[in-house]
Amino acid sequence: MKKYILGLFAVAVIASCVSQQEKAMKSADKDFILKAANENFAKKKWKNALALYDRLANLVAGTDDFPNVGFNTAYANYYDKSYKLAGHQFKNFAINFPKDPRAEEAAYMSALCYYEGSMDYNLDQSSTELAINELQDFLNNYPNSERSKNISQLIDELSYKLEFKAYENGRQYFKMGQYKAANVALENVLEDFPSTKLRPKIYDYIMKSRYELALKSIYDLKDERIESALTYVKMVEKELPNTEYSKTASELRVKLEKEKQNFVVVKKDTEARIAALTARQKKVADKLAEQGKKEQQAKDQISNEKQAKQMQRDSAALQTPPPAATFKIQR
């Protein structure tokens, strides 16, 4: 019986709450709606509170209640995990009510909303870049604020996300066998994030990329790429002594030096073959040229003989007198 009574009481309470929410949604009484909205907010019923605050926006415009409604609306959206909307609302509050005691808190919450809205590293990072800018703006505007103490930590966390995404892009190029692209991408990470904590891993992948490029290079670029790889592995040995990376570098250096020695032999043999081929080509070219020269001389001789015979005929024609004139006797 006791349980039955408690059940009825719970149903009555729920019915009462639903009834109050419905009444507030249909009411035109600003104070009644505001009271219901604030009660929902206090009870952490964010969606119910937001539904009522949305109705109040026009009703409280220009009144003392307007800042409170805007502030609570932003927090309700934040707790409802609508970070982008909440960040926009907090930012508007800080701009529109700069003298309000909550302006600094609103600016901080705006930056925090952008931080919360940052996407995972493997997704588009425009939200992360925007969050870093917003957090930095708060630092610039409130350098002495107690809330600034953890801002730098949040910025570092977001910056690392950008670093890691760039690093992962380079690593994916390496895994796909696109060693030149991997080398360029990872070099850019070091340039864009000079203080990156991923430097040892980046060194490792650049070193391995250059090693693979050297081994799989075309003949014309092999010399240059072997030297590039050797220079890098020696740098890693020097920069990261007594680490797994320096150990890998030492192993690759031995292989590269052997590859360099082998290529010297290949290069010497190739140059000898090229020289021999060039000599044979020259010999053939000289022979063809000589043959062509003889053929031309023969043609010239025939042409000269023809010209000489023609000149003889022309000369004979000039030296032969014309036949005597013939006169007819008149009868």
Side-chain angles (χ1 to χ4, degrees), residues 118-126 128-129 132 136 152-278:
S118 172
M119 306 294 282
D120 290 340
Y121 81 89
N122 56 329
L123 301 175
D124 177 65
Q125 289 302 296
S126 57
T128 302
E129 293 170 354
I132 291 173
Q136 189 60 56
S152 295
Q153 182 180 345
L154 297 181
I155 291 175
D156 288 343
E157 182 182 332
L158 294 175
S159 295
Y160 180 76
K161 190 184 291 188
L162 296 178
E163 292 175 27
F164 193 76
K165 182 179 177 65
Y167 161 74
E168 276 295 296
N169 287 341
R171 198 170 72 90
Q172 287 303 315
Y173 281 129
F174 180 85
K175 290 173 69 176
M176 292 187 294
Q178 299 181 27
Y179 303 117
K180 187 175 181 180
N183 184 77
V184 172
L186 292 167
E187 287 279 11
N188 286 340
V189 178
L190 293 176
E191 184 175 342
D192 295 338
F193 306 98
S195 301
T196 177
K197 298 175 183 178
L198 296 168
R199 184 174 293 274
K201 292 182 178 180
I202 294 172
Y203 278 172
D204 187 51
Y205 276 107
I206 292 177
M207 174 176 65
K208 290 174 180 176
S209 295
R210 294 194 182 192
Y211 170 77
E212 294 292 342
L213 275 174
L215 261 60
K216 298 172 182 177
S217 177
I218 60 174
Y219 178 85
D220 290 343
L221 297 175
K222 196 170 185 70
D223 232 343
E224 175 188 337
R225 287 178 173 173
I226 288 176
E227 290 302 327
S228 174
L230 276 171
T231 300
Y232 210 86
V233 296
K234 290 175 182 176
M235 184 274 291
V236 173
E237 286 181 299
K238 181 179 178 180
E239 293 289 326
L240 304 172
N242 304 318
T243 64
E244 58 178 304
Y245 306 110
S246 63
K247 182 180 178 181
T248 301
S250 298
E251 293 171 355
L252 295 183
R253 177 170 52 79
V254 172
K255 292 179 181 179
L256 285 167
E257 287 172 347
K258 185 177 181 180
E259 184 71 12
K260 183 177 180 179
Q261 292 173 357
N262 292 338
F263 186 64
V264 169
V265 175
V266 170
K267 189 175 180 181
K268 185 176 180 181
D269 181 61
T270 301
E271 290 174 350
R273 289 173 182 271
I274 292 172
L277 178 62
T278 303

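Remember, predicted model here, so these are calculated numbers, not experimental data. Values reported hereafter were calculated over all heavy atoms of this structure, with side chains retained and with hydrogens, waters and symmetry mates removed.
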How long is the span from the [atom1] atom in [X] to the [atom2] atom in [Y], to the nearest 0.5 Å?
X	Y	atom1	atom2	answer
N183	M207	CG	CE	12.0 Å
M235	Y203	CE	OH	4.5 Å
I132	E157	CD1	CD	10.5 Å
K247	N242	NZ	CG	12.0 Å
S118	E129	OG	CD	9.5 Å
E187	I202	CD	CD1	9.5 Å

Tell me, do [X] and [Y] make a side-chain contact under 4.5 Å, heavy atoms counted?
X	Y	result
L215	L256	yes
E239	Y245	no
E224	L221	yes
V236	L252	no
Y211	Y232	no
M119	K161	no

Look at the side chain of [X] and the backbone N and O of [Y], then say whether any donor-acceptor pair between them is shorter than 3.5 Å.
X	Y	answer
E237	T248	no
S159	I155	yes
K208	Y179	no

Residue pairs passing the salt bridge (charged side-chain N to carboxylate O under 4.0 Å, His left out) test where at least one lies in residues 171-185, sequence neighbours excluded: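 Those involving residues 171-185 are E168-R171.
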Electrostatic pair R253:E257 at N-O distance under 4.0 angstrom: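 A salt bridge is present here (some side-chain N lies under 4.0 Å from a carboxylate O).
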Short N-O contact, R225 and E259, less than 4.0 angstrom: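 No.
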More than 12 heavy atoms from other groups under 6.0 Å of CG on N262: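 Yes, the 6.0 Å shell around CG holds more than 12 heavy atoms from other groups.
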Heavy atoms of other groups near F193 CZ, more than 12 under 6.0 Å: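 Atom CZ in F193 is crowded, with more than 12 foreign heavy atoms closer than 6.0 Å.
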From CA spacing to verdict: side chain to side chain contact (heavy atoms under 4.5 Å, CB included), K222, I226: CA-CA 6 Å; K222 196 170 185 70; I226 288 176; 3.9 Å; yes
What pair of heavy atoms forms the shortest contact from [X] to [Y], and how long is it?
X	Y	value
I206	L190	CD1-CD1, 3.9 Å
S209	A182	OG-CB, 3.7 Å
L240	S246	O-CB, 2.9 Å
L198	Y160	CD2-OH, 3.6 Å
P194	R199	O-NH2, 2.6 Å
V233	A249	O-CB, 3.5 Å

Partners meeting side chain to side chain donor-acceptor pair (under 3.5 Å) with Q178 (sequence neighbours left out):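 For Q178 there are no side chain to side chain donor-acceptor pair (under 3.5 Å) partners, ignoring immediate neighbours.
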Whether Y219 and F263 hold their rings parallel, tilted or perpendicular, with breakpoints at 30° and 60°: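 Tilted: the ring planes of Y219 and F263 meet at 30° to 60°.
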